[in-house]
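Remember, it's a predicted structure, so these values are computed and weren't measured experimentally. In the text below, chain A, chain B and the rest are named by the order of the sequence lines, each starting its count at 1.
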Number of protein chains: 2
Amino acid sequence: MKETIGDAFRARGLRCTPQRFFVMEYLMRHHVHATAEDIFHAVNRTDPRASRATVYNALHALSRTGLVSEFAVNGTAARFDANVDRHHHFICDRCGAVEDVGWFDPPTIGRRVRDFEAIFRGVCAGCSELKTTRKRSKL
Amino acid sequence: MKETIGDAFRARGLRCTPQRFFVMEYLMRHHVHATAEDIFHAVNRTDPRASRATVYNALHALSRTGLVSEFAVNGTAARFDANVDRHHHFICDRCGAVEDVGWFDPPTIGRRVRDFEAIFRGVCAGCSELKTTRKRSKL
DNA sequence: TTTTGTGCAAAAGGTTTGCATACGA
DNA sequence: TCGTATGCAAACCTTTTGCACAAAA
């Protein structure tokens, strides 16, 4: 049977707190590369006492133990994703949405490479349909 | 004969101010992917009245008109570079230094791509020589 | 009971903004 | 002169930190 979130936490020595659980569940349910702020607001809807610091703590714990992936571009807020398979990213010029792109290996560059990351930019399918530009709606 | 910085500015409709000139010259002389803060300190050594805002203004003007390239990683300060030929980046895990890597075209991913950027990570030559880790010295 | 995590508030780091003044063309 | 840049200070946004308290295991 499937591994539960609780199991995953235990397997990595992470305590299963409600806040942490919520963050993980949120990321598994919303594959939209949420920012810490997005998640903070979502958590707050359920538990108004939850704090930003806790969201950041949770995200770091999850990221450190390989349950979520983190990535950031150009001085914008970091984004988190429950997809931990190797992949690259496509960022929409218009709405800023981030989409996953299949993994490909880097070319050799004559030195040892520990990690590789590729970012594509262009206009996403949604935005190229509509002629008008509009901001991505908040989660 | 060679195009001067002043010519380059004029050709793009940028006024040639001492601050702007200094920033451009600095980037042409130091191929170290300087941060705004690095440049601010350098400017300040020459002209103690220069302000951060002006450095940012200058960098944006230069970047907008294609005289310098800008790139940022993972919540660290943006870095600027007078090398505007297409290239990718290698970032040292230990000292954080950024080195240029030759350009290669992206694989096709089934949609129109306007821009592509690749980031390699690993330990740079300098750091793998020394056994000990040490911070990159400030400029 | 013993860690580890949480909440709060304050601070830090990087960047942007508003506005009056200065200056290049 | 005219319009663009500059300098300053304050604001902004994201993230981190310190510390007392709470709650998992």
- Of B:Thr17 and B:Glu70, whose nearest nucleotide on DNA chain C comes first from the 5' end? B:Glu70
Could you state the atom-to-atom distance from [atom1] of [X] to [atom2] of [N] in whole Å?
X       : N      : atom1 : atom2 : value
B:Arg64 : D:dA5  : CZ    : C1'   : 12 Å
A:Arg15 : D:dA23 : CZ    : P     : 12 Å
B:Leu62 : D:dA5  : CG    : C1'   : 13 Å
A:Phe40 : D:dC13 : CZ    : P     : 14 Å
A:Ile39 : D:dT15 : CD1   : P     : 10 Å
A:His60 : D:dT14 : NE2   : P     : 14 Å
B:Asn57 : D:dG7  : CG    : P     : 10 Å
B:Tyr56 : D:dA5  : OH    : P     : 19 Å

- Item | Within 6.0 angstrom of A:Arg112 CZ, more than 12 heavy atoms from elsewhere | no
Does [N] have its OP1 or OP2 closer than 4.0 Å to a side-chain nitrogen or oxygen of [X]?
X       : N     : value
B:Arg52 : D:dA9 : no
B:Gln19 : D:dG7 : yes
B:Thr54 : D:dG7 : yes

- Message: Looking at A:His33, is its backbone amide N or carbonyl O close enough to the side chain of A:Arg79 to form a donor-acceptor pair, meaning the two atoms are under 3.5 Å apart?
- Response: yes
- Regarding B:Thr54 and B:Asn57, is there a side-chain donor-to-acceptor distance under 3.5 Å anywhere? no
- Query: Going by atom types alone, do B:Asp38 and B:Thr35 pair a side-chain donor with an acceptor below 3.5 Å?
  - Reply: yes
By the 4.0 Å heavy-atom rule, please label [X] as base, sugar-phosphate, or nothing.
X       : answer
A:Ala53 : base
A:Ala58 : nothing
B:Ala61 : nothing

- Query: What about B:His89 and B:Phe120, are their ring centers closer than 6.0 Å?
  - Reply: no
- Could you tell me from which nucleotide to which nucleotide of DNA chain C, 5' to 3', there is an atom under 4.0 Å from chain B heavy atoms? C:dG14 to C:dA25
- Note on the structure: One should read off an interatomic distance between B:Glu25 CD and B:Ile5 CD1, to the nearest 0.5 angstrom, of 5.0 Å
- Item | Electrostatic pair B:Glu117:B:Arg86 at N-O distance under 4.0 angstrom | no
